[in-house]
> 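My structure is below; once you've seen it, I'll send some questions.
Throughout, protein chains are lettered first and strands after them, A, B, ... in sequence-line order, and every chain is numbered starting at 1.
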2 protein chains.
Amino acid sequence: MSVTIKDIAKSLGISYSSVSRALNNKPGVSSETRKRVIDEAKKMGYKPNDMARGLVKKQTNTIGVIIPDIANSFFGEVTEGIIETANENGYTVFLCITNWNMEIEKEYLRTLQQKRVDGIILKSSKDQEERRYKDEINVPYILLEGRPAYGNSFVGVNNKRGSYIGTKYLLKQGYRNIAFAGGSKDSYTNMQRVQGYIHALKERAIPIDKELILYNDFTAKGGYILAEELLNNDKNIDAIFAGNDVIALGVLDYATTHDFSIPEELGVLGFDDIFYAELPQIQLTTIHQPKYELGKYALEILIDDIHAGEDRTCKSIILEPKLVVRNTTR
Amino acid sequence: MSVTIKDIAKSLGISYSSVSRALNNKPGVSSETRKRVIDEAKKMGYKPNDMARGLVKKQTNTIGVIIPDIANSFFGEVTEGIIETANENGYTVFLCITNWNMEIEKEYLRTLQQKRVDGIILKSSKDQEERRYKDEINVPYILLEGRPAYGNSFVGVNNKRGSYIGTKYLLKQGYRNIAFAGGSKDSYTNMQRVQGYIHALKERAIPIDKELILYNDFTAKGGYILAEELLNNDKNIDAIFAGNDVIALGVLDYATTHDFSIPEELGVLGFDDIFYAELPQIQLTTIHQPKYELGKYALEILIDDIHAGEDRTCKSIILEPKLVVRNTTR
DNA sequence: AAAGATGTGACAAACGTTTGCAAATGACAG
DNA sequence: CTGTCATTTGCAAACGTTTGTCACATCTTT
């Protein structure tokens, strides 16, 4: 079928080990033979077979990345950080999208290991499951944005602090009845954000009203539904802290189509600072996460872990979020 | 290191060919041995090595997908169609993002072939280059959304017709000085859209003013720059047809921040119908492309081509776009 | 001119599978 | 009790590489 190292050897009348050495810039071949080999390889259109190579070298220079949703540009930007850093380090990224589906996530975890990737970066769709993976995954892996470390490396942001800052800001701006429109209740990230929100309220001795804390999906649709629910009771809600920017978008959708004036009548605060938060038509006030850096650090730690081999020690990196004020809060 | 088929064989005292047959549901082993093998494999945590397997079977059940930009949700949705259809058919997708960089594109093309993917779906960053690939790619591949077929399969949309419909609609709505804010001049897709625009104008005997047809990137920034240029001359432009929705977003950005009233004073028309075109804050009138289907058909054709082997015959699928009226046109 | 040092290239094993073929086993009929 | 099957199992080659070891030339050095 395709040209192999042996074909080159035969055509040049030398042994194929010499061809291999020539092509890999290994010592042990004269520069003259090396040149002949390289020319012949190009002429014959030789493409090394990474499977054969991987088989003997026991490494693939490939790392697997599993994320729930690429349409959410939060993950898009993180992924960008991962891929660029990977390429700079000579790794290729095998990107897997689970669509928030745990079955698919497990499937990918298996596939990646069968492909013998050198390491895995995982954002699980369900933080609870992560501890189980300890036994199932036997390559270096690192958890992204979820519950820190069950004996594995971790990169994430200080979610609790982020929503604490955000809630404090809303209070400072004079909002009094602040609701929380959360994502999945199963999400550790989400619950951390709720914690920060509660913490800020308690600090000001404001009683926590459980009915103001609702959960749905991390989607615009989820936000729309929660907004509808929150704005149609007698609670006089004057601000909604959304679990993330996508949710906030759904909240804004409901609010603008139902004539709530923003930011006077209703303040809206997001979390993530994805790229359309700053579109002039949207101008969402939000908590900024360093997304590209998240990906970059994840990959860098992973590579450290890979190089360290069996006796790797796990690390956690927690980055600090910050408030970005735009037009959806007064 | 990790458990192999030989370890299982040794531990069970049988030959490793039997283990292989048992694990692959091949005939030639008694159901009793099969059961013992499967149990032992699970117990030992056996994970087949896809590289070794791929080496002998000469197939990887993996297809490579190369796209310029995942942040552009047009590609995001197409990719979704590809990945889901692939999984349904037992294939895994190796996703590669080039960032509109031809160097990276070529690099990935090489990498994918070294990994011996069974086929490739390619959206090139520069349609011109595609004809060159004929010799460089020696696995089945299919071009996505660009110039149809140089002897390879193709899936795309009728761009010319799309912009023809769009321009006609703008005229019908009473817009008279319609400019075109295009993406890359190197893009065949882009030029087809320009053609459709010109065609519609000519049909109405409106003279073509070259100064109203400008090019930049397929980015929001590009759109912003072009809008600035188009709206600051004496041409009295009353509508801008953007090369795609992302460009349109940039146009809207400029227009709203510079007090053009939309849609009265300025009509804006996009192309693609990506998801935020329908956000209530945006409500962009645009030409809809069946994105998911584009990806789905691309994959299906590719699989056909793979199965057909050497004597595959190339196919082209051209889908029809349609107009979606929202609020950026009167 | 003999001995050692050096550089070049060939040979073969190994990586973890699949699979064609041969061998062993057992059942059953003649 | 032998011969003929069918079934189950084992052996070994193959896939395309990398790499340790060894043999051979060639070139110094004394």
Side-chain angles (χ1 to χ4, degrees), chain A residues 1-38 40-41 44-62 110-118 138-139, chain B residues 1-38 40-41 44-62 110-118 138-139:
Chain A
M1 187 73 190
S2 53
V3 185
T4 77
I5 225 171
K6 292 192 186 181
D7 298 324
I8 300 179
K10 204 172 293 165
S11 139
L12 248 43
I14 60 177
S15 81
Y16 54 87
S17 47
S18 297
V19 176
S20 170
R21 279 187 256 265
L23 256 22
N24 291 294
N25 273 319
K26 288 263 168 73
V29 276
S30 64
S31 53
E32 194 227 355
T33 344
R34 170 160 292 145
K35 188 170 167 350
R36 281 174 60 217
V37 169
I38 293 175
E40 185 69 9
M44 299 179 73
Y46 169 71
K47 305 216 177 69
N49 184 321
D50 279 351
M51 290 188 296
R53 177 179 276 167
L55 197 55
V56 17
K57 302 197 70 164
K58 288 169 164 308
Q59 55 162 346
T60 53
N61 288 321
T62 303
R110 222 188 51 212
T111 305
L112 287 176
Q113 293 189 72
Q114 294 197 176
K115 287 190 187 295
R116 298 292 191 269
V117 295
D118 295 340
N138 39 25
V139 293
Chain B
M1 186 73 187
S2 53
V3 186
T4 77
I5 226 173
K6 294 193 185 182
D7 298 326
I8 300 179
K10 204 172 291 166
S11 138
L12 248 42
I14 61 178
S15 81
Y16 53 87
S17 45
S18 298
V19 176
S20 171
R21 279 187 261 265
L23 256 20
N24 291 295
N25 274 319
K26 287 263 168 76
V29 276
S30 65
S31 52
E32 196 226 357
T33 355
R34 170 160 294 148
K35 191 175 163 349
R36 283 173 58 216
V37 168
I38 292 176
E40 185 69 10
M44 299 177 73
Y46 169 71
K47 304 217 178 69
N49 184 320
D50 279 351
M51 289 187 296
R53 177 179 277 166
L55 197 54
V56 20
K57 302 199 69 165
K58 287 168 165 307
Q59 57 162 341
T60 53
N61 287 322
T62 303
R110 222 186 51 210
T111 306
L112 286 176
Q113 293 189 72
Q114 294 197 175
K115 288 189 186 296
R116 297 293 190 269
V117 295
D118 296 339
N138 37 25
V139 292

> Judged by each residue's nearest nucleotide on DNA chain C, which is more toward the 5′ side, M51(B) or K26(B)?
M51(B)
> Looking for any heavy atom pair under 4.0 Å, which part of the strands does S30(B) touch: base, sugar-phosphate only, or nothing?
sugar-phosphate
> dG16(D), dG10(D), dG16(C): which one has an atom nearest the side-chain heavy atoms of I14(B)?
dG10(D)
> Heavy-atom nearest nucleotide on DNA chain D for S15(B) versus L23(A): which residue maps closer to 5'?
S15(B)
> For N61(A) and R53(A), test the side chains for any donor-to-acceptor distance below 3.5 angstrom and give the result as yes or no.
no
> What is the distance, to the nearest angstrom, from the CG atom on D50(A) to the P atom on dC15(D)?
19 Å
> To the nearest Å, how far apart are L12(B) CG and dG10(D) C1'?
15 Å
> Can a side chain N or O of Y16(A) be found less than 4.0 Å away from OP1 or OP2 on dA13(C)?
no
> Figure out the NZ/P separation between K6(B) and dT17(C), and round it to whole Å.
9 Å
> Less than 4.0 angstrom between a side-chain N/O of T33(B) and OP1 or OP2 of dT9(D), yes or no?
yes
> Closest nucleotide of DNA chain C for S18(B) versus for N49(B): which of these residues is on the 5' side?
N49(B)
> Whether K47(B) contacts dG16(C) is assessed here as follows: a side-chain N or O lying under 4.0 Å from the phosphate OP1 or OP2. Is that the case?
no
> Under 4.0 Å between a side-chain N/O of T4(A) and OP1 or OP2 of dC15(D), yes or no?
no
> Does the D118(B) side chain pair with the main chain of Q59(B), one donor and one acceptor, at a distance under 3.5 Å?
no
> What is the separation between atom CD1 on I8(A) and atom P on dT17(D), rounded to the nearest whole Å?
8 Å
> Nearest-Å distance, CD1 (I5(B)) to C1' (dA14(D))?
15 Å
> Has the side chain of D7(B) got a donor or acceptor atom that lies under 3.5 Å from a matching backbone atom of T4(B)?
yes
> Regarding dC11(C), can its base be found pairing with the side chain of S17(A) as donor and acceptor, where the two atoms are less than 3.5 Å apart?
yes
> Taking atom types as modelled, find out whether S20(A) and S17(A) have a side-chain donor-acceptor pair closer than 3.5 angstrom.
no
> Can you tell me if K57(B) touches the phosphate of dA14(D), counting only side-chain N or O atoms and a distance under 4.0 Å to OP1 or OP2?
no
> Passes side chain to side chain donor-acceptor pair (under 3.5 Å), N138(B) versus K47(A)? Steps please.
CA-CA 10 Å; N138(B) 37 25; K47(A) 305 216 177 69; 3.2 Å; yes
> Do R21(B) and dG10(D) share a donor-acceptor pair, side chain to base, under 3.5 Å?
yes
> Rounded to whole Å, how long is the line connecting atom NZ of K10(A) with atom P of dG9(C)?
20 Å
> Please report, rounded to the nearest Å, how far the C1' atom of dT18(C) is from the CD atom of Q59(B).
12 Å
> May I ask you to say what P27(A) touches in the nucleic acid, namely base, sugar-phosphate or nothing, with a heavy-atom cut-off under 4.0 Å?
nothing
> May I ask you to say what N24(A) touches in the nucleic acid, namely base, sugar-phosphate or nothing, with a heavy-atom cut-off under 4.0 Å?
sugar-phosphate
> Can you tell me the distance, in whole Å, between the CG atom of L55(A) and the P atom of dT17(C)?
9 Å
> Is a side-chain donor-acceptor pair under 3.5 Å present for T62(B) with K115(A)?
yes
